[in-house]
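Step one of this worksheet: look at the structure below.
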Amino acid sequence: MAGFNKVVHSYEEALTGLSNDMTIMVGGFGLCGIPEGLINHMVTMGVSGLTAISNNAGVDDFGLGLLLQQRQISTMIASYVGENATFEQQMLSGELNVILTPQGTLAEKIRAGGAGIPAFFTATGYGTPVAEGKETREIKGRNYVLEESLTADFALVRAWKADTMGNLVFRKTAANFNPMMATAGKVTVVEVEEIVQPGELDPNHIHTPGIYVDRLIKANFEKRIEQRTVKAAE
């Protein structure tokens, strides 16, 4: 990168420094808003022993499911197993270490990590296996669980538009976990549909400031639908 220009022109450049046994955050909800090309290149790289933080793991043959197929992920921190049979099989067999985390708690753990907050109390999960081994406290008559925040070596994010300085705009549901993950990675890499020049984005519509972004790469997305439902022909 030169100066404030965050644009790189290959996935090799985008993922420089990513290696075995690192922790990665991967944006997306189901297959919506996932950084498809970055995931595919990690498969090609063959990195292994990864700890992956993501809402879920896509499907068997797309998204993080591809990394699971190749046994490249050793630990998943996620809110649900979802539509991925490989994820389910590896979890039940004990091959994959899975830390299931309530969805709202997962989102806040990532947001807090990006904000430099080491931990917070939440009522979610108190009295359930989620709270086992964690500090609890009664505050104003209600019981809470102490949850530590999350950060990652690499945050892999998908955005709709960006300028070359890394200011990001997310589109509708594809925002999901992406904005908070962009703040919580030591290195934040963003795969984006369109890159424009500084000044072309309305400052009032920027969701993530470029200060959080290290690398940008323009990509074409397949945008696969996780479950297609159509109306029967009349």
*Assess the side chains of Thr164 and Asn5: does a donor N or O sit below 3.5 Å from an acceptor N or O?*
no
*Non-neighbouring partners of Glu95 that pass salt bridge (Lys or Arg N to Asp or Glu O under 4.0 Å), sequence neighbours left out*: Arg71
*Measuring from Leu106:CG to Ile99:CD1, what's the distance to the nearest 0.5 Å?*
10.5 Å
*Considering all heavy atoms of both residues, which atom of Ile39 and which atom of Gly63 are nearest to each other, and what is their separation?*
CG2-O, 3.3 Å
*Where do Thr23 and Leu50 land on the side-chain contact (heavy atoms from CB on, under 4.5 Å) test, with the steps shown first?*
CA-CA 6 Å; Thr23 297; Leu50 298 172; over 6 Å; no
*Salt-bridge present (Glu200, Lys161; N to O < 4.0 Å)*: no
*asked:* Among residues at least two apart in sequence or on other chains, which ones pass side-chain contact (heavy atoms from CB on, under 4.5 Å) with Lys186?
replied: Asp153
*Quick one: which of Lys218, Arg171, Arg158 gives a salt bridge (Lys or Arg N to Asp or Glu O under 4.0 Å) with Glu193?*
Arg158
_Worked check of salt bridge (charged side-chain N to carboxylate O under 4.0 Å, His left out) between Arg137 and Glu135_ = CA-CA 7 Å; Arg137 185 178 300 182; Glu135 179 183 343; 3.0 Å; yes
_Under 3.5 Å, is there a donor on one side chain and an acceptor on the other for Thr86 and Asp60?_
yes
*Between Met180 and Phe177, which heavy-atom pair has the shortest distance, and what is it?*
CG-O, 3.3 Å
_Checking side-chain polar atoms at under 3.5 Å, does Gln103 have a donor or acceptor matched by the opposite partner on Asn55?_
yes
